[in-house]
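These figures come from a predicted structure and were not determined experimentally. Protein chains get the first letters and strands the later ones, always in sequence-line order, with residue 1 at the start of each.
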There are 2 protein chains.
Amino acid sequence: MKRSDDDDVWKALSDRTRRGVVDVLAERAHTTGELVDAFPDLSRTAVMKHLDVLEAAGLLIVTREGRLRWNTLNVAPLQRIFDAWVSPRAAGLAAAGHRLKQHVESRSRKKGRS
Amino acid sequence: MKRSDDDDVWKALSDRTRRGVVDVLAERAHTTGELVDAFPDLSRTAVMKHLDVLEAAGLLIVTREGRLRWNTLNVAPLQRIFDAWVSPRAAGLAAAGHRLKQHVESRSRKKGRS
DNA sequence: TTCATATGTCACCCGACAGTGACATGTCAA
DNA sequence: TTGACATGTCACTGTCGGGTGACATATGAA
């Protein structure tokens, strides 16, 4: 299951605009048209391509109702990349900080770029 | 401070190889040469470019010792994007799941594309 | 049926980015 | 001083991603 890497999710979230879309959808589900209105600087085509990327990453659940398309946020992938990746590393913050301090002190102190 | 968006960090982490570098550095600091050895499929130049990106995002702290360059992971940006972004949304998982369920049930049940 | 609305698809443009080899610089040791 | 080693920099390439307009399809209402 789940090719274990979640590269799609990272790629999807790497774009500022798409994170904005996720932001909007975090409040409530939107139709594609509503989303287009929410991003006046983008063409409808651009918004739809972002939605495609988000959907492919599993961040979006799409349901159709007549000629309307409802886009609903799915936070599961967010949870996943956090659990699998960010959390373990950020948890070691103190340890890493200590490691770094130790490292820097034990070695060169001549540098430090401006 | 910190243009508040952390786009650099997201962009830096969007690349699978760079996440691999972060992985390696999570264990201990490496010199650039050691990192190059750790990624046999990449040229030295490619590895250095990845390091540049990571450093620009603040994920890397670079110290120089003679002709050696030590690359140390800085987890602070990770912590930051998590705190500011992933955590609040992922925390609402249950609520969002409920919202979705509600939404789907209250509307169309005719569709679902193969 | 007819027409406006909402969405889907296509072809194309352009800049960003990952990757490379060649060459330059700096540092340590013999 | 000389040479090997570690790193820095440059010019170039191909691909991918975000953006667009034009056109096609589907649905609801008059």
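Residues Pro77(B) and Leu59(B) approach most closely at CB-CD2, 3.9 Å, considering heavy atoms. Shown here for Asp15(B) and Lys11(A), the closest heavy-atom pair between the two residues is CA-NZ, 4.2 Å.
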Listing time: all N or O pairs from protein to nucleotides 19-21 of chain C that are below 3.5 Å?
{"residue": "dG19(C)", "atom": "OP2", "partner": "His50(B)", "partner atom": "NE2", "Å": "2.3"}
{"residue": "dG19(C)", "atom": "N7", "partner": "Lys49(B)", "partner atom": "NZ", "Å": "2.7"}
{"residue": "dG19(C)", "atom": "O6", "partner": "Lys49(B)", "partner atom": "NZ", "Å": "2.7"}
{"residue": "dT20(C)", "atom": "OP2", "partner": "Ser43(B)", "partner atom": "N", "Å": "2.8"}
{"residue": "dT20(C)", "atom": "OP2", "partner": "Ser43(B)", "partner atom": "OG", "Å": "2.7"}
{"residue": "dG21(C)", "atom": "O6", "partner": "Thr45(B)", "partner atom": "OG1", "Å": "3.2"}

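Close to dG26(C), at under 4.0 Å from its OP1 or OP2, lies no side-chain N or O of Arg64(B).
For the pair Leu60(A)/Asn74(A), no side-chain contact is recorded, criterion being any heavy-atom separation below 4.5 Å from C-beta on. Using a 4.5 Å heavy-atom threshold, the side chains of Lys49(B) and Val53(B) count as separate. With contacts defined as side-chain heavy-atom distances shorter than 4.5 Å, the pair Leu54(B)/Asp52(B) does not qualify. The closest side-chain heavy-atom distance from Leu13(A) to Arg18(A) is not below 4.5 Å.
Side-chain atoms of Val53(A) lie closest to dG18(D) of the nucleotides dG28(D), dT7(C), dG18(D).
Donor-acceptor pairing under 3.5 Å is lacking for the side chains of Thr31(A) and Asn71(A).
Rounded to a whole Å, the CZ atom of Arg16(A) is 18 Å from the P atom of dG17(D). Between the CZ atom of Arg69(B) and the P atom of dT25(C) there is a distance of 19 Å, given to the nearest Å. In this structure, Met48(A) atom CE and dG21(D) atom C1' are separated by 15 Å, rounded to whole Å. Taking atom NZ of residue Lys11(A) and atom C1' of nucleotide dG17(D), one finds them 11 Å apart after rounding to whole Å. One can place CG of Leu68(A) at 12 Å from C1' of dA26(D), the figure rounded to the nearest angstrom. Distance CH2 (Trp70(B)) to P (dT7(D)): 9 Å, rounded to an integer number of Å. Between His30(B) atom NE2 and dA6(D) atom P the separation is 15 Å, expressed in whole Å. Rounded to an integer number of Å, the gap from Leu13(B) CG to dA18(C) P is 12 Å.
With hydrogens and angles left out, the side chain of Arg67(B) and the base of dC28(C) share no donor-acceptor pair within 3.5 Å.
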